[in-house]
Every structure is written in C-alpha cells, then in structure tokens.
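Read the numbers this way: they start at 1 and go in the same order the structure lists the ligands and their atoms.
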Amino acid sequence: MTSVTAPTTPAPLPVVGGRYRPVLAMRRNLVGYVEDVWRRRGDVVRTVLGPPGFDREVWLLGHPDAAARVLSGSSAASFVKRDPVYTETGYWLGHGILTAEGEEWTRQKRFVQPVFTKQAVDGYADLMGEEIAAVVAEQDATGEDVVDLGAWMQRLTLRVVVRALFGAAEEDVVARVRRSFPVVADTVVRRGVGVLRLPPTVPTPRVVRGRRGRSELFGVCEEIIAARRASGATGGTDLLSRLLAARDGDAGLTDAEVRDQVLVFLLAGHETTATALTFALHLLGRHREVQDAVRAEARGALAVERPASAVAADLPMTRAVVEETMRLYPSAPFTSRLVVRDDTVMGHPVRPGVTVVLAPWNIHRHPEFWTDPLVFDPSRFAPGVPRRHRYAWMPFGGGPRACIGQHFALVEAVLALAHVLRERRVTSLLETDHVPVDSLITLFPTVPVRARLQRRP
Ligand code: HEM
C-alpha cells in the first residue's frame with residue numbers, strides 16, 4: 001500500500017519585535033542588533049518596521065542556504081538591488097555596475113569585466129607593491145611607533161586604488177575622497193535603514209551634507225575624466241584608460257557612465273580592503289606565533305626578484321590569515337535585496353515588496369558550519385582543507401553579482417601584510433580579538449584600533 005503525504009506548507013513566519021524598537025536598536029548599532037536577533041530568534045527572522053501605512057517588511061537571513069537562494073543564478077532574478085539601501089546608493093553614488101539591474105547591468109558588465117580579468121589585475125600588482133612600500137616608508141619616517149591601523153590602512157588602500165585608476169596616486173584626489181566619502185556613506189545608510197524616507201529633494205540637514213559630499217566626489221572624477229579626454233592620451237593601462245577605451249560593438253561609455261564606474265571602484269575598492277587589513281594586523285598583533293609564520297613566509301617570498309603578482313601567489317599562509325580575518329570581520333557585513341516575485345527562502349514563502357537582508361556577519365559565525373566560530377584560526381583556510389558550503393564564507397557575496405574586485409583585493413591585502421610584517425613586529429594595543437564594531441555600508445571599529453610597530457632586523 002502506498003501512502004500519499006500532502007505537501008506541507010510551513011506556517012507563516014511570526015513577526016519578531018515591535019515596529020519601532022528594532023529601528024532604534026539598529027540606529028544604536030546595526031551589527032549588534034542583527035547578531036542579537038539571529039542568536040535569539042534563528043536564521044530566518046521576519047520583522048515589520050515603521051508605522052502602519054509606511055511600514056516595510058524586512059527579513060533577516062543568517063544561513064548559507066538563504067544566501068544561496070537569494071544570490072545564486074537560478075533564483076537571483078526574484079531578489080534585486082532595488083531595496084532602500086541600494087536605491088539610496090544609486091541616488092547618491094551614481095548608477096554604475098554596483099547598483100544597475102537587469103539588461104543595464106548586463107550591458108555594463110560587458111564593459112567592465114575585461115578591466116578586471118586576472119591578467120589585468122596581476123598587471124597592477126607591481127604598482128600595489130610600490131604604493132604599499134611608499135606608505136610603509138612614510139610611516140617609518142614619522143618616527144612614531146604607535147599607529148592607528150584604520151587610518152593607516154585607509155591611506156594605503158586609497159593610494160593603491162587611485163593609482164590603479166588614474167595612473168598616479170595624486171594627493172589631492174586622495175584627500176578629497178577621504179573627506180567626502182564618509183559623509184555620503186552616512187547619508188546612504190541612515191536614509192536606507194530609516195523608516196520614514198523623505199524624497200531626497202527635501203533638504204534635511206543630512207541631505208544637504210550628502211549633496212555637498214556627492215558633488216565633491218563627482219567633481220573629483222569629472223575633472224580627471226575631462227583632463228584625460230582633453231589630453232587625447234590613449235593606450236594607457238590604468239583602469240580609467242581601459243574604461244575610456246572599452247567598446248561594446250561600436251558603442252563606448254559616456255563620460256557620466258565612466259564617472260559612475262570610477263566612483264564605484266574608488267568606493268567599493270578602498271574602505272573594504274582597508275577594513276580587512278586593519279583587522280588582520282590587529283589579529284596578527286595578538287597572535288604572535290601566526291605573525292612569526294607570516295613574517296617567515298613574507299621574507300622567503302620577497303627575497304626573490306620577481307613580479308609582485310608572483311609574490312602574491314606564493315603567500316598561502318598570509319592569504320589564509322586574510323580569509324580568516326574576513327570571516328570574523330566581513331568588510332560588508334550585510335547585503336540586501338528587494339523581493340520582486342513570489343519565491344521561497346529556506347522553505348518560507350516570501351512575497352514581492354519584502355526586503356531581505358543577508359548577514360555574512362552571522363553566517364560566518366554559524367555553529368553548523370564553523371567549529372569554535374569566535375576563535376581566530378587561519379588554518380581553516382590552509383591549502384587542502386576541504387571546501388565547506390559555498391556560502392558559509394561569503395565576504396565577496398556570490399552568484400552573478402559577486403564582487404568583481406575580489407582578486408584585486410586579495411592580491412593587495414596579501415602584499416600589504418607581507419610588506420608590513422617583513423621587517424616589523426606588530427603588537428596590538430587592544431586586549432581582545434573581538435573589537436566592537438558597527439557598519440555604514442562597510443564595517444568599522446567603534447574604538448581606535450592601534451598597534452605598536454617595531455622594526456626587526
Ligand atoms: C576586501 C575587499 C572587498 C570586499 C569585502 C568586497 C565585497 C563586495 C561584496 C560583498 C559585493 C556584493 C554586494 C552584493 O551582492 O550586494 C561586492 C560587489 C562589488 N565590488 Fe567588491 N569588495 C571588495 C573589494 C572590491 C574592489 C577592490 C573593487 C574594485 C576595484 C570592488 C568592486 C566591486 C563591484 C564593481 C561590485 C559590484 C559587482 C556587480 O554587481 O556586478 N570591490 N563587493
């Protein structure tokens with residue numbers, strides 16, 4: 001006899017928390033709130049935020065299966081970057097490949113992909129090495145042995161990306177981006193997670209500040225593009241030259257489109273890597289034996305005269321440190337999407353209009369996938385360790401919208417650690433591996449992360 005079991009539909013998810021308390025808690029500390037809810041309520045949490053009529057439903061997702069559903073090719077079309085945070089990002093930072101959707105994204109990707117092939121990125125490794133060496137030497141010249149790792153690494157990664165973009169690490173550009181980017185990022189996130197979003201045409205103090213920051217950022221890029229066009233120079237290998245020369249059939253990118261891509265690379269490409277390096281140096285500064293192993297590896301790899309891309313490929317231990325750091329401190333701790341057609345997430349039906357927030361911060365601490373998840377242990381990423389769930393480690397996202405700059409970032413990060421540690425001992429001045437953090441698009445420490453540097457023969 002065969003028995004037929006009727007398919008079961010899971011009961012609707014209960015709504016967790018009130019309409020206002022979570023918003024206040026998120027304002028206080030977004031990372032803390034999302035982790036706390038996950039620990040108390042599990043991997044799929046449904047909230048409804050804001051007053052009736054203006055409310056929005058937000059699901060917080062903390063399981064790799066949920067990430068696979070939202071990001072991977074087969075279902076990704078149900079979850080698009082039109083949620084409030086990405087809508088704000090597009091408004092304030094331009095409509096480059098980071099925020100584009102559908103056909104427009106496919107078109108932009110055809111222009112941008114060739115700029116980020118492995119071969120193209122390996123071509124930037126030498127200039128990365130030069131910029132890193134220059135920033136390290138600059139620090140040595142100050143005679144200061146205590147350094148704010150966050151500020152130092154921001155300077156380093158901004159110089160690298162500016163040089164890769166424009167061919168020269170122009171101080172003026174570096175300074176203007178450093179000044180304006182945090183203001184715009186603050187505007188994007190505060191408006192993106194806020195409940196009552198007034199149109200950006202309403203000149204609230206935040207909007208006014210945001211506009212000032214945005215015109216400075218746009219101005220920097222537009223001036224450089226105009227100067228490059230006016231010079232008539234062609235054939236350069238920096239990212240800007242490649243974008244200006246890029247063709248899809250007969251068509252090229254307009255100046256405004258080039259500006260928007262340049263902005264994406266400037267912004268997506270420096271804070272994220274700086275965050276990873278800040279926490280990597282902090283953790284190494286607390287784990288002396290790992291640091292000694294990284295130093296030994298760096299000395300071996302840098303002793304031979306060869307291209308920096310070959311050096312970067314020869315630093316497996318250093319790379320494992322970067323990967324483990326990005327597990328504990330993912331530079332992009334959350335990513336969000338708007339649901340645009342009926343779908344399911346881990347068996348729960350989700351309807352159009354819901355915002356889903358994936359939390360790599362939680363996924364990277366998930367006890368089903370990580371033993372002792374709070375322990376810093378780079379051996380998890382040693383060569384030969386079997387692959388885990390594809391989305392258990394996802395600092396660069398996944399699926400078609402995964403980070404285009406992943407190889408760039410990893411080459412830069414391992415080279416930076418190798419150059420810093422080769423002749424220096426780093427001692428962290430914080431007495432915990434677990435630095436208090438929050439997030440405005442990217443993760444940041446809420447206390448200064450300082451370390452002592454000592455030269456080692
Ligand atoms: C440690 C460094 C980095 C981290 C952690 C990181 C993280 C991410 C993540 C998580 C996404 C996917 C966002 C989503 O799905 O919503 C992304 C996308 C992207 N990243 Fe990165 N990123 C890093 C460095 C870079 C660099 C160096 C560049 C370029 C110079 C870059 C350019 C981009 C672009 C253009 C996208 C959008 C891709 C698309 O939508 O097709 N990123 N990044």
Side-chain angles (χ1 to χ4, degrees), residues 61 67-68 70-73 76 79-83 85-87 89-90 93-102 104-113 115-116 120-121 124-125 128 153-154 156-158 160-166 192 238-240 242-243 260-280 319 322-323 325-338 355-361 363-364 391 393-417 439 441-443:
L61 307 175
V70 170
L71 298 179
S72 75
F79 305 94
V80 303
K81 290 184 170 182
R82 272 191 245 117
D83 59 283
V85 170
Y86 268 119
T87 304
T89 308
L93 295 173
H95 298 280
I97 187 166
L98 180 66
T99 49
E101 267 298 341
E104 179 51 23
W105 174 77
T106 311
R107 187 182 77 86
Q108 293 196 21
K109 181 94 174 175
R110 280 200 296 271
F111 282 108
V112 173
Q113 185 70 65
V115 173
F116 279 96
V121 171
Y124 296 123
M128 288 176 186
M153 291 299 108
Q154 285 257 355
L156 185 150
T157 57
L158 194 49
V160 166
V161 77
V162 167
R163 169 105 183 259
L165 267 168
F166 306 128
D238 55 64
L239 288 166
L240 176 61
R242 288 174 195 250
L243 280 175
D260 290 354
Q261 305 303 353
V262 165
L263 265 178
V264 166
F265 302 156
L266 261 182
L267 306 175
H270 86 277
E271 280 228 331
T272 45
T273 315
T275 300
L277 282 168
T278 299
F279 289 112
R319 182 165 168 137
V322 172
E323 291 176 339
T325 302
M326 295 180 79
R327 181 184 71 80
L328 280 172
Y329 292 104
S331 311
F334 313 115
T335 186
S336 47
R337 297 287 191 272
L338 182 73
T355 299
V356 290
V357 177
L358 284 169
W361 178 268
I363 291 173
H364 291 180
Y391 286 88
W393 185 81
M394 49 167 300
F396 294 101
R401 305 301 297 258
C403 179
I404 207 169
Q406 172 165 352
H407 184 56
F408 188 106
L410 289 173
V411 169
E412 179 180 355
V414 295
L415 286 177
L417 291 184
S439 163
I441 303 186
T442 44
L443 191 75

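- Applying the 4.0 Å criterion to heavy atoms of Trp105 picks out, from ligand 1, the atoms 39 (C), 40 (O), 41 (O).
- Counting atoms of ligand 1 from 1 in the listed order, those under 4.0 Å from a heavy atom of Ile97 are 35 (C), 39 (C), 40 (O), 41 (O).
- Residue Tyr86 has at least one nitrogen or oxygen atom sitting less than 3.5 Å from a nitrogen or oxygen atom of ligand 1, judged on distance alone.
- The shortest N/O to N/O separation between Arg337 and ligand 1 falls below 3.5 Å.
- Among Met326, Glu412, Lys109, Lys81, the residue whose heavy atom sits closest to atom 1 (C) of ligand 1 is Met326.
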Report task. Evaluate the criterion ring pair (Phe, Tyr, Trp, His ring centres under 6.0 Å) for residue pair Phe116 and Phe265; output intermediate values, then yes/no. Result -> CA-CA 11 Å; Phe116 279 96; Phe265 302 156; 4.9 Å; yes
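- Contact annotation: the side chain of Tyr391 approaches that of Leu71 to within less than 4.5 Å [non-hydrogen atoms, C-beta and beyond].
- For ligand 1, the polar-atom distance check against Thr273 finds no nitrogen or oxygen pair separated by under 3.5 Å.
- Under the 4.0 Å criterion applied to side-chain N and carboxylate O atoms, Arg319 and Glu323 are assigned as salt-bridge partners.
- Here the heavy atom of the protein found nearest to atom 8 (C) of ligand 1 is Cys403 CB, 3.6 Å.
- Contacts between Ala402 and ligand 1 below 4.0 angstrom, taking non-hydrogen atoms only, involve the backbone exclusively.
- Counting heavy atoms under 4.0 Å from ligand 1, residue Phe408 touches it through the side chain alone.
- Between Leu239 and Gln261 there is no side-chain heavy-atom pair separated by less than 4.5 Å.
- Under 4.0 angstrom from ligand 1, the non-hydrogen atoms of Thr272 come from both its backbone and its side chain.
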